[in-house]
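Values below: every heavy atom of this structure, side chains too, minus hydrogens, waters and symmetry copies. Start at 1 and go down the list; that is how both ligands and their atoms are numbered. Numbering of residues begins at 1 and proceeds along the displayed sequence.
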Amino acid sequence: MQRVAGLDGMIVVSVPAGVSEPFRYDEEHTVLLMDWWHKSVYEQAVGLASDPLVFVNEPQSLLINGRGRFNCSSVAAGAGCNASSPECSLPTLFTAVPGKTYRLRIGSLTSLSSLNFEIQGHSMTVVEADGHYVNPVRVDSLFVYSGETYSVLVTADQDPSMSYWAASHVVGRERKTPSGLAVLRYAHNHSGPPRTLPPAGPAWNDTAPRMQQSRSIVAHPAHVEVPPARPDRELLLLNTQNRINNRVKWAINGVSLTFPPTPFLVSMKRGMYNNQQPPETYDYRSYDIASPPAINGTVASAAYRLGLGSVVDVVLQNTVALNGKSETHPWHLHGHDFWVLAYGDGKFDPDKDAAKFNLRDPVMKNTVALHPMGWTAVRFRADNPGVWLFHCHIEAHVYMGMGVVFEEGIDKVGRLPKAIMGCRF
Ligand SMILES: O=C1O[C@H]([C@@H](O)CO)C(O)=C1O
């Protein structure tokens, strides 16, 4: 749970000299979006492991490039909250020269929140997602889920005598956190903060525009990587929240992931792994995703063992949690990019819905949203020898078991260093 403790940053990978990108811009800036709690990560972890569950709940602030807002009047005097500190002034997102086009490299490193990001009065053109060029899509605001990165182009084409709000708003959970704010300024304009009220953002519980935007992101026509025509293996992964052993957990096909004392790679390479395989599917014909059983499942450290080079389809299926709500889960795969084949509403039907997969120009990503009461289908080639986590990028959720592990080709992984289990050998 390092992100909750504030560990974040962005690595920008440049294209090699001489290689041109399928869009033009004058300058670039990075925009790191975060959420922030006052409780320490240790307290949060204790709450998540307790009975009754003490969930982390909504963050106190949203941060843009590390800066956020908090209303000090809600805190006892002398508690060290000082809203008049110069550190607390509104951050500048960037200062624009009229007429120029800027590439914003936006990353969401939130621990929980799904966000909507906007720059008042300026549209954005999405040109890249998770390191892959996309067919340009013009949006008024960008929905961005934890673990995702995007590049958007913004042209400074508005009245240069004004300043404009940049804002991040919580979506997908009831909005109890003030929006993150920063200011887009125009060069030679010293007018201070914008003269308008900050934007309110979209309704937090309106899933339709989020689904629509997810579906609109496809590969750039000149950069399509055509997926293999069919998979070698299909996994249908039901995401449920259940009480298991008197604790609230997240489980995938009834298995809540716990990390083993000996890392998977080490136990597998040393012949200590018990070769337990988690279920590949669930009873999708009769299962009611609107009322999953409250008590169900096991806690285990089991991995799907994949053939090296094989093509794997994963369909993630959402349900409602124990509180009756269906949440957004951004799923992130280590070690690979996957093709995003489809997003659907309701229950995935393998007999009908596989025909709707986009095999023509799907975008490749490494993080994808599973929308409330919906399903998301991805395909990847298991061509990277090792053991890899695929998990909900919400820190609290992976802590509560919301992840699976893939192993492929570990015989191709070289000899492990002697000190891999620590330095006392
Ligand atoms: O994992 C979670 O637990 C709570 C709630 O679902 C408990 O039922 C919540 O809001 C989550 O995201």
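In terms of protein heavy-atom proximity, atom 10 (O) of ligand 1 is closest to R173 NH2, 2.9 Å. Of the protein's non-hydrogen atoms, the one nearest atom 5 (C) of ligand 1 is N323 ND2, 3.5 Å. Nearest to atom 4 (C) of ligand 1 among the protein's heavy atoms is F55 CG, 3.7 Å.
Taking the six-membered ring where tryptophan is involved, the planes of H371 and Y145 are perpendicular, since the angle between them exceeds 60° and thus also 30°. The aromatic rings of F406 and Y304 sit tilted relative to each other, their planes meeting at an angle between 30° and 60°. In this pair, F55 and H397 present their aromatic rings tilted. The plane angle is within the 30 to 60° band. By the 30° and 60° cut-offs, the orientation of the rings of H391 relative to H332 is perpendicular.
Counting atoms of ligand 1 from 1 in the listed order, those under 4.0 Å from a heavy atom of M400 are 1 (O). In the vicinity of W250, heavy-atom distances shorter than 4.0 Å reach the ligand 1 atoms 1 (O). Every atom of ligand 1 with a heavy atom of Q241 under 4.0 Å away is listed here by number and element: 1 (O), 2 (C), 3 (O), 5 (C), 6 (O), 7 (C), 8 (O). With ligand atoms numbered from 1 in the order given, ligand 1 contributes 1 (O), 2 (C), 11 (C), 12 (O) to contacts under 4.0 Å with heavy atoms of H397. Taking every non-hydrogen atom of L53 and a distance limit under 4.0 Å, the qualifying atoms of ligand 1 come out as 3 (O), 7 (C).
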Dump the intermediate steps for side-chain contact (heavy atoms from CB on, under 4.5 Å) on L359 and L341, then the final yes or no. CA-CA 7 Å; L359 301 179; L341 301 184; 3.9 Å; yes
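Under the 4.5 Å side-chain criterion, counting only non-hydrogen atoms from C-beta, F117 is not in contact with H169.
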